[in-house]
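Scroll down for the structure; my scribbles are underneath it.
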Amino acid sequence: MSKPILIVEDLTVYYYTLKGIVRAVEEASLKAYSSDLVALVGESGSGKSTLGYALLNLVPPPGRIVKGRVIVNGVDVLSLRGDELRKARGSLISMVFQDPFTTLDPVRRVGDQILEVLLEHGVPLEEARERVVEVIRAVGLPERMARAYPHQLSGGQRQRISIAAAIALKPRVLVADEPTTALDVIVQKQIMDLLDDVRKTTGMAIILITHDIALAAERATKIAVMYAGKIVEYGPKDKVIGDPLHPYTKALLKSVPDIESREWPRPIPGTPPDLRKPPSGCRFHPRCPLAMDICKRKSPNIVEVEPHHYVSCWLYEGGEASG
Amino acid sequence: MGLLRYIAVRAMLIVPTVLILYTLVFIVLRILPGDPVLAVLGTKNIPPEQLEQIRHNLGLDKPYIVQYFEYLWNVLHGDFGTSMVISGRSITADLLERLPATVELAIAGLIVSLAIGITTGFIAATKRDTKLDLGLRVFGSVTYTLFIPWLGLMFQLIFAVWLRWLPASGRIDPDVGLETVTGFYILDSIITGNMEAFRSALSHMILPALTLGLVLSGPYTRLVRTNLVKALESNYVLAYHARGVRGSRILLHAFRNALIPVVTYAGLQFALLLGGAVLTETTFDWPGIGTYLVEKVSYRDYPAIQAVVIVFAFFVGVISLIVDLIYALLDPRIRY
Amino acid sequence: MVEILSKALTRILSTIIPSRVSGRGRALVYAGLAIVLAIVFMAIAAPLLTPYDPTRRAGRSFQPPSWEHPFGTNNLGYDMWARTVYGARTVLIVVFLSIVLSMAMGVPLGLFSGYYGGRIDRALSMLMDAIYAFPSLVLAISLAVALGPSLFNAAIAIAVVYVPTYFRMVRGQVLSIKEELFVEVARALGIPTSRIIFRHILPHLIPTIMVVFSLSAADAVLTEAALSYLGLSVQPPTPDWGYDLYKGKGFVLSGYWWLIFFPGLMITLLATGFALIGEGLSEQIRRERL
Ligand SMILES: Nc1ncnc2c1ncn2[C@@H]1O[C@H](COP(=O)(O)OP(=O)(O)O)[C@@H](O)[C@H]1O
Ligand code: SF4
Ligand SMILES: [Mg+2]
């Protein structure tokens, strides 16, 4: 395989709130290659969005990236400062957000908002104008929509515009945070098709943040499962879905309706932890049916159990489990 | 088209406001106990027959309902009646003479308050949660509770009496011989090319405008700050950042969004501006409608007071219409 | 009634007295309370604070501030400190009266108008909106003129002007609370309407009413001062800050600053005190809702 286009190492992000430190992302590591679609799945509040922001070095206060590295196409994004960082956003790595109703500036024409991205990265005006038309067509909208204001568009159209603005500069990585959650089912499918298309034609890697594991199973090439701020399992889609290793992944898969197995969905017992005081050791241990003594005391490392398939669980961490 | 229709419909809404206030004042002034004519002339020992005659001349002997509609009819024709105190003096003429002074002061006050409020609000929002932010917010709430006559008189003491930089009161130095064209002195002095008059009008304007503007700036500080903070926390700002738009440009876009509610508020605040203008005018002997009202109050000249209320109500209505239009122009989401 | 009051009181105390709330809201409330209470104390203890009668000559005219006359003397030789402390009585009485009156009108009207809706609600709202949009000072002036200048009439004039403030706020809240589950449940259980309004809706409004109370108290102070500045409140020689300031205006050019500075400062301080309480309270309510 060629070199990975995105490398995330030990990424740790905390929110320093008045009521305590929220350990939103803890030592997350990932790799993605050209044309990958990595689905980041997990319950709400597990730190997916925070991880997404951190990839752009865009964690909102009171959040701070505590440690770790994010390398996009060989560039260490977290070490960039000032104008370099700004220019990396949009051209190297970009992001699409969940709510298409609030992520466009309500008082500006959408075409102008796309145009601005190009101009701000030094594309000459004439060329930028052409590119706006191109990219609006590329996301499946008629050219005249450039003159519309956000409120004149449907949710799906707005999300297409957001995607157009995000990919106008052909970044190498696109973070899509629940891009279809606010949309109805048919539009969801269209938007996912669009993202697939973009990925395949441009070789862009997409990090798809979703709580919908069925969607991940359908679209992803790789899946990373997050629980309480940690990536607990990571690997090729077929492995993670077909042969899940981590007890949380297994529970998660059983919690969604599965037509083939004709089994009733079984919700995971217990509640997700408060990330201000996460459980000791393995963060899943209070809810894990297989928890052992060591799980409460020590945090398991993430290990490559089989090629490209990583798990963070004492059940798989060699001899130490017994000790 | 759409816009004209919108203006027409919106303009119709002024009518009930003015009617309600007219009715209210009419009731308050005529029907409440106490005879207005006696109130004005009671001390002068005028024989009863003559009082009857005066009542008759003023139409006060007619049934209330007739008085109510007659007056309304006259007002619709631009006739606000005659003064009860100086007999035969046309109130309409008085008002027309005083109106430009009040409008000039109100506009100057509005400009000052917007300038102060927007600047401080902007700084407070961009320096959110710092000492400066806190200081500006306190400034905003304290200025709002400054008593206008006090502030105005302190300004007079400092800048007119002690430092002698500016005139204490009045609207213009009578010696400069300004020819009035529109009644707006600053405008007139420019039109007639009278530099001396311009300087005089401007220097007389500074203290009253500053007084009124400072007191009314507080709510703008708060409003601009709150809305700019909200805008800066909004998803579209995050999205701008994610696409690599420069911070200064994002601030500009957020600012534009934050100003939209400020326009609406400026309309609502116009009533405060007029109320403040009354106090500012009396403090600076500014010959506008406010001083007119206060003069008439001491004589209890009811028709004149009634006229001022109607004019102010009309004013408030027209301004809110204008504000709505500006709002519609600024915000593409508003459709008419 | 007792129950409502006690509920209200605990509610107020729990907002004012710091338990779980932090920071600036509390500091603002304290600062405001300190100012207001100091002035209330001044009013109550007036005879203890000055040996002079505020309506009698106490020495030479136009004396600048000194140990003998901390706020100086005016053209009639009255002691300005004595007029200041006794003047606190006037303004506090007018403000208190006017607020109680306007609350007594505005709150019930808002409750019923909002709860029942319909044509009466629309008519009332229109009336209130018209008054609300109009310069309150001008309206208060007209009312005070019609009623004749006196302390009580000034209070009525101010009260009328602020009825819409309470009306609009209460009505708006009722409209939103009305839709909430507990009201629906109460209605379904057949609890009489008046009971629903007073027992179940009113208590929820108390924090907001408190905020509006303090903010409109600030406005009322300024309006009272304006009326008396224009000669439409108590008549001389009764001590009143606004009137004293108006008298001081005549001596600006002579530079007798103490005749202007002190009365105006007191008006502004009292208004600021109330405003700080209001802002502190609203800040806390906002935080509680977060
Ligand atoms: N701005 C913030 N301030 C404080 N805590 C936050 C903030 N944003 C998110 N969090 C906390 O961080 C954790 C992860 O949130 P998030 O990344 O949004 O999760 P997800 O996207 O998986 O739902 C949650 O516990 C959330 O409460
Ligand atoms: S480490 Fe222990 S508690 Fe955690 S998932 Fe594995 S078995 Fe369960
Ligand atoms: Mg999220």
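Per chain, numbering begins at 1; letters A, B, ... match sequence-line order.
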- line: If one checks every heavy atom of C:Phe134 against chain B at 4.5 Å, the contacting part turns out to be both
- request: Can you tell which part of B:Ala313 gets under 4.5 Å to a heavy atom of chain C, answering side chain, backbone, both or neither?
  value: both
message: I'd like to know which of B:Val18, B:Val25, B:Val161 tops the heavy-atom pair count under 4.5 Å against chain C.
response: B:Val161
field: Contact class of B:Phe270 relative to chain C, heavy atoms under 4.5 angstrom
entry: neither
statement: Honestly, the part of B:Ser169 sitting under 4.5 Å from a heavy atom of chain C is neither
message: Could you check whether any side-chain N or O of C:Glu279 sits under 3.5 Å from a backbone N or O of C:Ile277, counting only pairs where one atom can act as donor and the other as acceptor?
response: no
message: Looking at B:Trp165, I want to see if its CH2 is surrounded by more than 12 non-hydrogen atoms of other residues, nucleotides or ligands under 6.0 Å.
response: no
Heavy-atom pair count under 4.5 Å with chain C, highest-scoring of B:Val297, B:Leu274, B:Ile148: B:Val297
task: Pick one of side chain, backbone, both or neither for B:Arg222, based on which atoms fall under 4.5 Å of a heavy atom in chain C.
output: side chain
query: With only heavy atoms counted, which part of C:Ser142 is less than 4.5 Å from chain B, the side chain, the backbone, both or neither?
result: both
statement: Honestly, the part of B:Leu272 sitting under 4.5 Å from a heavy atom of chain C is neither
task: Any chance you could measure C:Leu147, atom CG, to C:Asn153, atom CG, to the nearest 0.5 Å?
output: 4.5 Å
Pair B:Phe26 and B:Tyr71, ring centroids less than 6.0 Å apart: no
- request: May I ask you to name which of C:Leu137, C:Val252, C:Leu139 has the most heavy-atom pairs under 4.5 Å with chain B?
  value: C:Val252
- request: For this output row, return yes or no: ring centroids of B:Tyr22 and B:Tyr68 closer than 6.0 angstrom.
  value: yes
message: Using heavy-atom distances under 4.5 Å, tell me whether C:Leu232 contacts chain B through its side chain, its backbone, both, or neither.
response: side chain
query: Are more than 12 heavy atoms from other residues, nucleotides or ligands located less than 6.0 Å from atom CZ of B:Phe159?
result: yes
message: If you take the centroid of each ring, where Trp contributes its six-membered ring, are C:Trp257 and C:Phe262 closer together than 6.0 Å?
response: yes
field: Leading residue by heavy atom contact count with chain B [cutoff under 4.5 Å; candidates C:Thr268, C:Ile131, C:Asp219, C:Leu127]
entry: C:Thr268
- line: Note: vs chain C, highest number of non-hydrogen pairs under 4.5 angstrom among B:Leu273, B:Val308, B:Ile20 is B:Ile20
- prompt: So what's closer than 4.5 Å to chain B heavy atoms on C:Leu245: side chain, backbone, both or neither?
  reply: both
query: Ring centroid separation for C:Tyr243 and C:Trp241, is it under 6.0 angstrom?
result: no
message: For B:Leu24, which atoms come within 4.5 Å of any heavy atom of chain C: side chain, backbone, both, or neither?
response: side chain
message: With chain B as the partner, which of C:Ala275, C:Ala144, C:Gly255, C:Ala225 has the greatest number of non-hydrogen pairs under 4.5 Å?
response: C:Ala225
message: Could you tell me if the side chain of B:Thr291 sits less than 4.5 Å from the side chain of B:Arg98, heavy atoms only?
response: yes
- prompt: Is C:Asp240 paired with C:Lys247 through a side-chain N to carboxylate O contact shorter than 4.0 Å?
  reply: no
field: Between B:Gly276, B:Pro149, B:Pro16, B:Gly275, the one whose heavy-atom pairs under 4.5 Å with chain C are most numerous
entry: B:Pro149
task: Decide, yes or no, whether a salt bridge links B:Asp133 with B:Arg128 under the criterion of side-chain N to carboxylate O below 4.0 Å.
output: no
task: Against chain C, label B:Leu146 side chain, backbone, both or neither, depending on which of its atoms sit under 4.5 Å from a heavy atom there.
output: both
Under 4.5 Å from a heavy atom of chain C, the part of B:Val309 involved: both
- request: Below 4.5 Å from any heavy atom of chain B, which atoms of C:Leu230 appear? Answer side chain, backbone, both or neither.
  value: side chain
message: Could you check whether C:Asp121 pairs with C:Arg171 (Lys NZ or Arg NE/NH1/NH2 to Asp/Glu carboxylate O, under 4.0 Å)?
response: yes
